[in-house]
Colleague: 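Just passing along the structure, written as structure tokens.
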Amino acid sequence: MKKGLFWVGLTLAVATIGAADVNSAQAAAWHQGTPKALRHTWFYNGKGDNKAYITYGKSKSTGNLFGLDSEKQRYYRLPGYGLKKIRYQSLGKHVYRLSGVQYSPKGSTVQFDGQRLSYKVKLTKQQLHFYKGYHNYVRKATFPVMKTPASLK
């Protein structure tokens with residue numbers, strides 16, 4: 001009887017440890033590029049001139065503030081900074097850790113240009129939430145937008 005209980009207990013322990021290893025191995029996997037659900041332009045509809053955008057492509061992100069064209073009373077995208085060579089890790093239901101190398105537009109630099117940066121986001125159908133104190137971004141701008149003037153490109 002004692003040998004039977006021992007083998008049952010040992011089998012349960014091995015099965016539990018094996019299941020835990022499979023789950024943790026899947027969570028730790030890094031994937032190249034960005035998650036498909038994230039690929040889009042997201043907008044921060046702030047008050048006044050505090051408006052921003054971030055665009056995720058297949059392996060690159062670009063973002064910056066909007067500038068205001070005072071003649072047309074419309075906003076345009078300023079040249080973007082971002083990450084290239086992006087990879088991601090799925091941390092749970094629509095929660096991702098993104099990592100990439102920082103870059104800046106021609107003629108300007110950021111403090112950590114060329115260094116790897118990682119951050120965590122949560123994605124819902126209409127909203128992108130950054131865990132590091134940034135504002136929530138949504139899929140649609142609530143302010144008038146125009147193309148960037150050619151002199152700023």
Side-chain angles (χ1 to χ4, degrees), residues 14-153:
V14 169
T16 303
I17 292 170
D21 286 344
V22 169
N23 289 338
S24 64
Q26 290 173 348
W30 284 92
H31 307 281
Q32 294 298 317
T34 58
K36 287 184 181 178
L38 189 62
R39 295 178 196 167
H40 192 274
T41 298
W42 299 86
F43 300 95
Y44 171 63
N45 298 310
K47 294 179 181 170
D49 289 342
N50 189 17
K51 298 173 183 348
Y53 72 95
I54 186 165
T55 301
Y56 287 97
K58 188 173 180 179
S59 62
K60 183 176 164 180
S61 71
T62 304
N64 203 349
L65 296 171
F66 278 92
L68 176 63
D69 185 334
S70 55
E71 281 183 24
K72 297 180 181 179
Q73 290 300 307
R74 293 184 174 271
Y75 291 89
Y76 58 89
R77 295 179 191 190
L78 294 172
Y81 299 82
L83 299 177
K84 59 186 176 182
K85 299 180 183 176
I86 292 182
R87 57 188 183 161
Y88 72 95
Q89 183 180 36
S90 180
L91 302 176
K93 192 168 184 170
H94 307 291
V95 177
Y96 303 99
R97 176 174 290 121
L98 296 157
S99 179
V101 178
Q102 289 186 5
Y103 74 92
S104 55
K106 291 181 180 179
S108 63
T109 58
V110 292
Q111 184 177 3
F112 301 108
D113 210 8
Q115 293 186 10
R116 185 159 287 279
L117 172 76
S118 294
Y119 59 95
K120 194 165 101 172
V121 297
K122 182 173 184 170
L123 178 65
T124 63
K125 197 169 191 171
Q126 294 297 323
Q127 184 172 294
L128 181 63
H129 171 73
F130 290 88
Y131 281 91
K132 286 280 185 171
Y134 298 105
H135 300 285
N136 293 333
Y137 284 63
V138 294
R139 289 197 179 263
K140 295 192 182 212
T142 59
F143 51 91
V145 178
M146 64 183 237
K147 289 189 176 188
T148 305
S151 60
L152 293 176
K153 287 185 179 182

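The analysis underlying the following values was restricted to heavy atoms, covering all of them including side chains, and did not include hydrogens, waters or symmetry mates.
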Colleague: May I ask you to decide if Lys140's main-chain N or O and Asn45's side chain share a donor-acceptor pair within less than 3.5 Å?
Modeller: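 Yes, Asn45 side chain to Lys140 backbone: donor-acceptor pair under 3.5 Å.
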Colleague: Using modelled atom types and a 3.5 Å cut-off, is there a donor and acceptor pairing between side-chain atoms of Ser99 and backbone atoms of Arg87?
Modeller: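 Judged by distance alone, no pair lies under 3.5 Å.
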Colleague: Under 3.5 Å, sequence neighbours excluded: what are the donor-acceptor pairs made by side chains of residues 59-68?
Modeller:
from, atom 1, to, atom 2, distance (Å)
Ser61, OG, Leu83, N, 3.3
Thr62, OG1, Tyr103, OH, 2.7
Asn64, ND2, Pro79, O, 2.6

Colleague: Cation over ring, Lys132 on Tyr119, under 6.0 Å and within 45°?
Modeller: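 The answer is no, since Lys132 fails at least one limit relative to Tyr119.
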Colleague: To the closest 0.5 Å, what do you measure between NZ (Lys122) and CG (Leu128)?
Modeller: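 Between atom NZ of Lys122 and atom CG of Leu128 there are 12.0 Å.
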Colleague: Less than 4.5 Å apart, side chain to side chain, heavy atoms only: is that true for Asp49 and Tyr75?
Modeller: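 Counting from C-beta outward, Asp49 and Tyr75 do come under 4.5 Å.
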Colleague: Would you compute the distance between atom OG1 of Thr142 and atom OH of Tyr44 and round it to the nearest 0.5 angstrom?
Modeller: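 The OH atom of Tyr44 is 10.5 Å from OG1 of Thr142, to the nearest 0.5 Å.
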Colleague: Considering all heavy atoms of both residues, which atom of Thr34 and which atom of Tyr56 are nearest to each other, and what is their separation?
Modeller: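 Smallest heavy-atom distance, with atoms named: CG2-CD2, 4.2 Å.
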Colleague: Looking at Met146 and Pro149, what are the two nearest heavy atoms and their distance?
Modeller: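 Of all heavy-atom pairs spanning Met146 and Pro149, the closest is CE-CG, 4.2 Å.
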Colleague: Only counting residues at least two apart or in another chain, list the ones meeting side chain to side chain contact (heavy atoms under 4.5 Å, CB included) with Gln126.
Modeller: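 Side chain to side chain contact (heavy atoms under 4.5 Å, CB included) list for Gln126, sorted by chain: Arg139.
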Colleague: Got Val95 and Tyr131 here, is their nearest side-chain heavy-atom distance under 4.5 Å?
Modeller: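 Sidechains of Tyr131 and Val95: in contact.
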Colleague: Return the orientation label for the Tyr96 and Tyr88 ring planes: parallel under 30°, perpendicular over 60°, tilted otherwise.
Modeller: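 The arrangement is perpendicular - the two ring planes meet at more than 60°.
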Colleague: When the aromatic ring centroids of His135 and Tyr137 are compared, is their separation below 6.0 Å?
Modeller: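 His135 vs Tyr137: aromatic centres not under 6.0 Å.
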Colleague: Shortest non-hydrogen contact from Phe43 to Ala141?
Modeller: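 Smallest interatomic distance, heavy atoms only, reads CD1-N, 3.6 Å.
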Colleague: Between Val145 and Arg74, which heavy-atom pair has the shortest distance, and what is it?
Modeller: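 Heavy atoms only, the tightest pair is O-NH1, 3.7 Å.
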Colleague: Hey, are the side chains of Trp42 and Val121 touching, using non-hydrogen atoms and a 4.5 Å cut-off?
Modeller: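 No, their side chains stay 4.5 Å or more apart.
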Colleague: Is any side-chain heavy atom of Tyr81 closer than 4.5 Å to one of Pro105?
Modeller: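 Yes, side chains in contact.
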Colleague: Check for a donor-acceptor pair, side chain of Arg97 on one end and backbone N or O of Leu91 on the other, with a separation under 3.5 Å.
Modeller: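 Such a contact is absent between Arg97 side chain and Leu91 backbone.
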Colleague: Which atom names give the shortest non-hydrogen contact between Lys147 and Tyr76, and what distance separates them?
Modeller: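 What the structure gives for the nearest pair is O-CB, 3.9 Å.
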Colleague: About how many Å separate CD1 of Ile54 and OG1 of Thr41, when rounded to the nearest 0.5 Å?
Modeller: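 Those atoms lie 9.5 Å apart.
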Colleague: Could you tell me which non-hydrogen atom of Leu78 sits nearest to which non-hydrogen atom of Tyr53, and how far apart they are?
Modeller: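 Looks like O-OH, 2.7 Å.
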Colleague: With rounding to the nearest 0.5 Å, note down the distance linking CG in Leu98 to CD in Gln89.
Modeller: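 Those atoms lie 10.0 Å apart.
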Colleague: Taking side chain as C-beta onward, heavy atoms only, is His94 less than 4.5 Å from His129?
Modeller: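 SC-SC contact between His94 and His129 ruled out.
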